[in-house]
Protein chains: 2
Amino acid sequence: MTVSLAQIRETSGEVFLEGCPTRVVLDHIMSKWGVLVLLALTDGTLRWGELRREVEGISEKMLASTLRTLEADGLVARTSYPEVPPRVEYALTDLGRDLMDRMLPLVEWVAAHAGSIVER
Amino acid sequence: MTVSLAQIRETSGEVFLEGCPTRVVLDHIMSKWGVLVLLALTDGTLRWGELRREVEGISEKMLASTLRTLEADGLVARTSYPEVPPRVEYALTDLGRDLMDRMLPLVEWVAAHAGSIVER
DNA sequence: CAGCATCCTTTGCGATACTG
DNA sequence: CAGTATCGCAAAGGATGCTG
């Protein structure tokens, strides 16, 4: 056992309580589009249009709101260049990269097992 | 860097494509209630009622459907004892424990950082 | 106790059209 | 190009009541 649930309870014993900050952040980063956007940015900086194409199926509305949430959380940095036509780039912050270091093993595991899980 | 996105692309290069199995499983285990139920069961076996009380705020309907999904995915095992009154226990399967080994570090990180993230 | 069925409200989300 | 605004529907989810 490398990690214990007890440790989590110590750090934030409220995980199972409504309105707990952990639940809020969990909802952001583990949302359908949240993970995919974060995952896409793990590759490196991407522009709005690239992001939209990379995360297949995402609507402009959802991309916008997902990015705004992640930016507000300090996980994604938005840089806009004062050019014409406008160019805006999105990248993970240090915090975001820190997060993805923990999330990638999980996503890897899922990617490796998803096939056999779904085919039941 | 311990893991790379490239590895994920190799394992399941379709993560960013619609209908990809990885997306489906991701949606199950990273859903609002999915994580919390899995997390609760990391402690050990729980009965229906205990689960309902542990995961504060979950409705019977959502607990039922979440458990059915996770059971169908082979992550949670349901054991019903032929007694009166009925007793049903839920526990992680080996696959489920394997999954949680990867998810706990992530949840731990979130629990540790959620406070400072939300207060922005 | 451990659920399922039903109804009904709320939310998420897509589609479309428009702007700096 | 990189968004915002508005509409409308379908799905998520809550409340309640019923059952083996």
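Throughout, protein chains are lettered first and strands after them, A, B, ... in sequence-line order, and every chain is numbered starting at 1. Predicted model only: the values in this text are computed from it and were never measured.
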Using whole Å, what does the distance between atom P of nucleotide dG13(D) and atom CD of Glu56(B) come to? 17 Å
Once you round it to whole Å, what is the distance between P of dA2(D) and CG of Leu46(A)? 11 Å
With heavy atoms of chain A within less than 4.0 Å as the criterion, where does contact along DNA chain C begin and end? dC13(C) to dG20(C)
Counting any heavy atom closer than 4.0 Å, what does Arg47(A) reach on the DNA or RNA strands: base, sugar-phosphate only, or nothing? sugar-phosphate
I need the His28(B) NE2 to Ile117(A) CD1 distance, nearest 0.5 Å. 9.5 Å
Closest non-hydrogen atom pair between Leu95(A) and His113(B), with its separation: CD1-CD2, 3.9 Å
It should be established whether Arg52(A) places a side-chain nitrogen or oxygen under 4.0 Å from OP1 or OP2 of nucleotide dG3(D). no
Could you give the CG-to-C1' distance, from Leu67(B) to dG13(D), as a whole number of Å? 16 Å
Nearest-0.5 Å distance, CG of residue Leu36(B) to CG of residue Leu26(A): 6.5 Å
May I have the list of side-chain donor-acceptor pairs in residues 63-70 of chain A shorter than 3.5 Å, sequence neighbours left out?
residue  : atom : partner  : partner atom : Å
Thr66(A) : OG1  : Met62(A) : O            : 2.6
Thr69(A) : OG1  : Ser65(A) : O            : 2.9

Output the residues of residues 58-66 of chain B in contact with DNA chain C, where contact means a heavy atom of the residue under 4.0 Å from an atom of the strand; sort by number or write none. Glu60(B), Lys61(B), Ala64(B)
I need the Lys32(A) NZ to Met30(A) CE distance, nearest 0.5 Å. 15.0 Å
Glu50(B) side, atom CD; Leu41(B) side, atom CG - distance, nearest 0.5 Å: 10.0 Å
With rounding to the nearest 0.5 angstrom, report the CH2 to CE distance, Trp109(B) to Met100(A). 10.5 Å
Contact class for Tyr81(B) (heavy atom, under 4.0 Å): base, sugar-phosphate, or nothing? nothing
CD on Glu89(A) to CG on Leu51(A), rounded to 0.5 Å: 11.5 Å
Along DNA chain D (nearest heavy atom to each residue), the more 5'-positioned of Pro86(B) and Lys32(B): Lys32(B)
Take Glu18(A) and Arg23(A) through the test salt bridge (charged side-chain N to carboxylate O under 4.0 Å, His left out) and record every step on the way to the result. CA-CA 8 Å; Glu18(A) 294 187 80; Arg23(A) 277 203 188 184; 5.1 Å; no
Protein-nucleotide distance (Glu71(A), atom CD; dA2(D), atom P), rounded to Å: 15 Å
